[in-house]
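Since the structure comes first, as structure tokens, the remarks are kept for the end.
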Amino acid sequence: MTSAMAPAEQRERIWRVVHGIPSGKVASYGQIAQLAGLPRAARLVGRVLSQLPEGSKLPWHRVVNSQGRISFPFGSEPYREQRERLLAEGVVFSGQRVARACFNWD
DNA sequence: GTGGAGGCATTAA
DNA sequence: ATTAATGCCTCCA
């Protein structure tokens with residue numbers, strides 16, 4: 001329990017930060033990690049989002065890598081879903097990349 | 001209960 | 001575009 005509690009706390013913090021991303025905007029994993037108080041835990045964010053429960057209502061699709069690109073393989077199922085969700089929120093895609101204007105968080 | 005190795009939805013040069 | 005480095009997590013012996 002104790003050894004599994006530390007990640008749980010971080011997870012909660014990450015959820016909170018991700019949930020705070022406004023619609024139509026995106027943030028990078030590193031950014032999220034930093035805002036969550038985990039300066040170098042970008043990978044942790046990715047891991048946490050990958051282990052999200054169903055119907056968590058968390059805007060995980062607003063999280064992309066530092067290059068503004070979706071971290072899933074192009075054409076993949078999850079890739080499409082994320083792209084669709086972002087487009088539905090008004091996020092502008094410049095090809096495979098997200099418009100830099102959506103990175104108003106940095 | 002402890003130690004060691006591998007893997008990753010990353011980031012930066 | 002590709003490669004190298006980093007930090008954290010999970011699993012097995």
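Per chain, numbering begins at 1; letters A, B, ... match sequence-line order.
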One pair to check against side-chain contact (heavy atoms from CB on, under 4.5 Å): A:Val64 and A:Phe72. What are the steps and the verdict?
CA-CA 9 Å; A:Val64 296; A:Phe72 290 116; over 6 Å; no
List the steps, then state whether side-chain contact (heavy atoms from CB on, under 4.5 Å) holds for A:Tyr79 with A:Ser71.
CA-CA 8 Å; A:Tyr79 180 93; A:Ser71 301; over 6 Å; no
side-chain contact (heavy atoms from CB on, under 4.5 Å) between A:Val63 and A:Val26: does it pass, once the steps are laid out?
CA-CA 6 Å; A:Val63 184; A:Val26 297; over 6 Å; no
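The shortest non-hydrogen separation linking A:Trp15 to A:Pro53 is CZ2-CD, 4.4 Å. Smallest separation of non-hydrogen atoms from A:Ile21 and A:Ala27: CD1-CB, 4.0 Å. When all heavy atoms of A:His19 and A:Leu58 are compared, the pair lying nearest together is CB-CD1, 3.8 Å.
With no hydrogens or angles considered, a side-chain donor-acceptor pair links A:Gln96 and A:Arg69 at under 3.5 Å.
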Listing, residues 32-48 of chain A side-chain donor-acceptor contacts under 3.5 Å, not counting sequence neighbours, or none:
none

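Base contact: A:Leu49 has a heavy atom under 4.0 Å from a base atom.
Ion pairing between A:Lys25 and A:Glu89 fails under the 4.0 Å rule for side-chain N and carboxylate O. A salt bridge is absent between A:Glu12 and A:Arg16: the closest approach of a Lys/Arg side-chain nitrogen to an acidic carboxylate oxygen does not fall below 4.0 angstrom.
Going from atom CZ of A:Arg47 over to atom C1' of B:dG7 covers 7 Å, rounded to whole Å. Atom CZ in A:Arg11 sits about 14 Å away from atom C1' in C:dC8, given to the nearest Å. Distance, A:Glu81 CD to B:dA9 P: 16 Å, rounded to whole Å. In this structure, the CD1 atom of A:Ile14 is 16 Å from the P atom of C:dG7, given to the nearest Å. Regarding A:Leu38, its CG atom lies at a distance of 11 Å from the C1' atom of C:dG7, rounded to whole Å.
By the side-chain contact (heavy atoms from CB on, under 4.5 Å) test, A:Ala99 is found to be paired with A:Val92, A:Cys102, residues two or more places apart in sequence or in another chain being considered.
Between B:dT11 and A:Ser28, a contact under 4.0 Å exists linking OP1 or OP2 to a side-chain N or O.
Atom OG of A:Ser56 sits about 12.5 Å away from atom CD of A:Gln51, to the nearest 0.5 Å.
Remark: of the listed residues A:Glu81, A:Arg83, A:Gln82, A:Glu81 is the sole one forming a side chain to side chain contact (heavy atoms under 4.5 Å, CB included) with A:Arg85.
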Below 3.5 Å is the cut-off: list the nitrogen or oxygen pairs between protein and nucleotides 2-6 of chain C, distance only.
residue	atom	partner	partner atom	Å
C:dT6	N3	A:Arg43	NH1	2.8

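With pairs defined as Watson-Crick or G-U wobble and both atom distances under 3.5 Å, the stems of at least three pairs that touch DNA chain C come out as B:2-8 with C:7-13, B:10-13 with C:2-5.
Contact check of residues 68-76 of chain A against DNA chain B (heavy atom, cut-off under 4.0 Å) returns A:Ser71, A:Phe72. Contacts between residues 51-66 of chain A and DNA chain B, defined by a heavy-atom separation below 4.0 Å, involve A:Trp60, A:Asn65, A:Ser66, listed by number.
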